[in-house]
Each structure stands twice: as structure tokens, then as C-alpha cells.
Number of protein chains: 2
Amino acid sequence: MTNAVAAITALADPTRRKIFERIAAHPSAVGALADGLPVSRPAVSQHLRVLKDAGLVDDEAQGTRRIYRVRQEGLADVRAYLDQFWDQSLAAFRDLAESEDA
Amino acid sequence: MTNAVAAITALADPTRRKIFERIAAHPSAVGALADGLPVSRPAVSQHLRVLKDAGLVDDEAQGTRRIYRVRQEGLADVRAYLDQFWDQSLAAFRDLAESEDA
DNA sequence: GCTAACGGTAAGCCATGACGAACGCAGTCG
DNA sequence: CGACTGCGTTCGTCATGGCTTACCGTTAGC
């Protein structure tokens, strides 16, 4: 999927990965994430936007706060994307072995 | 694993992803990869180094050529890394549901 | 209504890293 | 032993993108 590519790109950044890890451990609001991270709140907000666009997280409004949580489908997409390479490379090995037998 | 992080970072680059896709479909040499890609051979060589350091590919010398192929363990590491988030987020949902019941 | 809390957005700065050109090294063939 | 092929490496350049500061919209409480 094209979303899997965006997800992988999103998770490539250390700070964004840290944010995602915290959300996975416990859904939380933007401010709570910014505390305990060495970056400003706007930076966290920007990262969350990228994660959301990649389909890795979802947000829910609770009063003035927005609670972010992991979106399982996003992880599933990445997994499917990787499995495709797994299958392809296995098939390539089989073809190679057959051609060598000949 | 710490290698999974390197692998994700490696796959975040479009060119590097393209190279990895081609290798998955068919193990090949550096020159063959450079042909059919809009970048120079040294660039491909650098990308291959990153992919190799990340544990995503392996190389085998064949005369003056080096054949690169997918390293399945690398993909497995990334998969395990993602599954960890999957499990964590599921557990977090359970805990949240329980606390709401009280 | 006013004020404060919580978040998203815009603009600008700066570090990271992807790229090509030039070079060096190993292996093959005559 | 030359000459050629196939790769890796270094270096300098330039674009991408992550960060902060300042600002604006929205919601809850008085």
C-alpha cells in the first residue's frame, strides 16, 4: 500500500518514533507527550500530523485536549508491505535454485 | 531490535526502497541496479552499504561483480519490532476499557 | 462576555543526508 | 605484465525536513 510507505517514512525519524512508542504504551494528549520529550509542543504537533497522515495514529477530541492513539490498521499495512518482499525474495531464491539445477 | 530501527530508517529513502524492491524481485549486481535507475552507480553503492549495515541485504562476490540479495532475518526483525507496538497498543486499550468500567 | 488552557499553523533557520565527479583497488583476460 | 571491468570511497554541493518562535482558533470555567 502507498500508506505503508508513508508509515515507514514517518517511523524513520527518532523523535517521531519516540512519540509513537509512548502512544502505543498509553494513549495521550499533545501536551503530555511534549513534557518528557526534549522538543517543543509545536514540534510534537507537527510529528503527530505526519503520523496521522501516515495512518499510524488517530485522534479524538476530549474538551480542549486531543487524545492520540495507535491505529492498528496502519501497522497492519506496513506488515503486509514487508511480507510482500518476504514472499518475493523467497520466490526469487526458488527460481535461482531451479536454473542452477539445469 | 536495534537493527529494526536501522532497517526502517534505510527503507525510508525512495531510491533505497526502489533498490531493495529490485533486489527482492531478483538478486543482482551493482551495475545492473544502476542501469534502470535515475542515479549514478556510486549512489547505488552507497545505498547498498546502508541496506547492508541495516541487515536488509547480503552480498556475495562473483568474480569482479558483487551479487546482492535480500536477507530474510532483516525483514523478520522489522516485523517483530512492529508487532511489539501492536501488542502494546492492544494492552493499552484493554487497560483503558477496564478503568472505564470501574 | 472575559480569561486561561490546549493545540494547530506559518515563517525562518540550520543540520542531515542524498547525489555526482574523481580517484583508488581488486579481479579477469590477452 | 598491461588493459579492462566492476565496485567501493572521498569530497564538495545542494535540497529535504525537523526545530523554534510567534501567532491564531477553539473550548471550558468564572
Side-chain angles (χ1 to χ4, degrees), chain A residues 2-23 26-71 74 78 96, chain B residues 2-23 26-71 96:
Chain A
T2 180
N3 250 14
V5 169
I8 291 178
T9 306
L11 289 179
D13 181 75
T15 303
R16 211 145 48 210
R17 214 164 37 232
K18 202 101 174 183
I19 293 176
F20 185 72
E21 290 175 2
R22 308 242 173 149
I23 293 179
H26 182 61
S28 20
V30 180
L33 289 170
D35 303 342
L37 283 180
V39 295
S40 67
R41 188 190 50 71
V44 173
S45 190
Q46 289 169 353
H47 284 307
L48 285 171
R49 173 151 175 70
V50 175
L51 288 172
K52 185 178 177 182
D53 287 348
L56 283 173
V57 300
D58 253 345
D59 60 336
E60 177 191 2
Q62 281 194 6
T64 66
R65 297 191 293 184
R66 304 193 72 86
I67 308 299
Y68 282 82
R69 56 182 177 77
V70 168
R71 185 170 167 276
V78 177
L96 192 64
Chain B
T2 181
N3 251 13
V5 168
I8 291 178
T9 305
L11 290 178
D13 181 74
T15 303
R16 212 146 46 209
R17 214 164 36 232
K18 203 101 175 183
I19 293 176
F20 185 72
E21 290 174 2
R22 308 243 173 149
I23 293 180
H26 183 60
S28 20
V30 180
L33 290 170
D35 301 343
L37 283 180
V39 294
S40 67
R41 189 189 52 72
V44 173
S45 190
Q46 290 169 349
H47 285 307
L48 285 171
R49 172 149 174 71
V50 175
L51 289 172
K52 185 179 178 183
D53 287 348
L56 284 173
V57 301
D58 253 346
D59 59 337
E60 178 192 0
Q62 281 195 6
T64 65
R65 296 191 295 183
R66 304 192 71 85
I67 308 299
Y68 283 82
R69 54 182 178 78
V70 167
R71 184 171 167 273
L96 192 64

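Reminder, nothing fancy here: chain letters follow the sequence lines and each chain counts from 1. Computed from a prediction, not measured in an experiment: that's the story for all the values here.
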- prompt: Are any non-hydrogen side-chain atoms of B:R22 and B:K18 less than 4.5 angstrom apart?
  reply: yes
query: Do B:R41 and B:V30 have side-chain heavy atoms sitting under 4.5 Å apart?
result: yes
Would you mind classifying the nucleic acid contact of [X] as base, sugar-phosphate or nothing, using non-hydrogen atoms under 4.0 angstrom?
{"X": "A:A43", "value": "base"}
{"X": "B:A61", "value": "nothing"}
{"X": "B:P14", "value": "nothing"}
{"X": "A:R41", "value": "base"}

task: Classify the side chain of A:Q46 and the base of D:dT20 as holding, or not holding, a donor-acceptor pair under 3.5 Å.
output: yes
Of the listed nucleotides ([options]), which one gets closest to any side-chain atom of [X]?
{"X": "A:T64", "options": "D:dC7, C:dG8, C:dA5", "result": "C:dA5"}
{"X": "A:S40", "options": "C:dC19, C:dA5, D:dT20", "result": "D:dT20"}
{"X": "A:P42", "options": "D:dT21, D:dG8, D:dG6", "result": "D:dT21"}
{"X": "A:H47", "options": "D:dT9, D:dG18, D:dG8", "result": "D:dG18"}

Quickly work out the [X] [atom1] to [N] [atom2] distance and round it to whole Å.
{"X": "B:I19", "N": "D:dG8", "atom1": "CD1", "atom2": "P", "result": "11 Å"}
{"X": "B:D53", "N": "C:dG17", "atom1": "CG", "atom2": "P", "result": "13 Å"}
{"X": "B:L51", "N": "D:dC7", "atom1": "CG", "atom2": "C1'", "result": "16 Å"}
{"X": "B:R66", "N": "C:dC25", "atom1": "CZ", "atom2": "P", "result": "17 Å"}
{"X": "B:L33", "N": "D:dG8", "atom1": "CG", "atom2": "C1'", "result": "15 Å"}
{"X": "A:D59", "N": "D:dT26", "atom1": "CG", "atom2": "C1'", "result": "15 Å"}
{"X": "A:E60", "N": "C:dG7", "atom1": "CD", "atom2": "C1'", "result": "16 Å"}
{"X": "A:L48", "N": "D:dG18", "atom1": "CG", "atom2": "P", "result": "13 Å"}

side-chain N/O [X] vs [N] OP1/OP2, d < 4.0 Å:
{"X": "A:T15", "N": "D:dC19", "answer": "yes"}
{"X": "A:R65", "N": "D:dT27", "answer": "no"}
{"X": "B:R49", "N": "D:dG8", "answer": "no"}

- prompt: More 5' along DNA chain D: B:Y68 or A:V50, using each one's nearest nucleotide?
  reply: B:Y68
field: Position toward the 5' end of DNA chain D (nearest nucleotide), B:S45 or A:D13
entry: B:S45
query: Where the side chain of B:R71 meets the backbone of B:G55, is there a donor-acceptor pair that is under 3.5 Å apart?
result: yes
task: Could you check B:D13, B:T9, B:L11 and say which one makes a side-chain contact (heavy atoms from CB on, under 4.5 Å) with A:I8?
output: B:L11
- prompt: Does B:K52 pair with B:D58 as a salt bridge, N-O distance under 4.0 Å?
  reply: no
- request: Please check if atom CZ in A:R65 has more than 12 non-hydrogen atoms from other residues, nucleotides or ligands closer than 6.0 Å.
  value: no
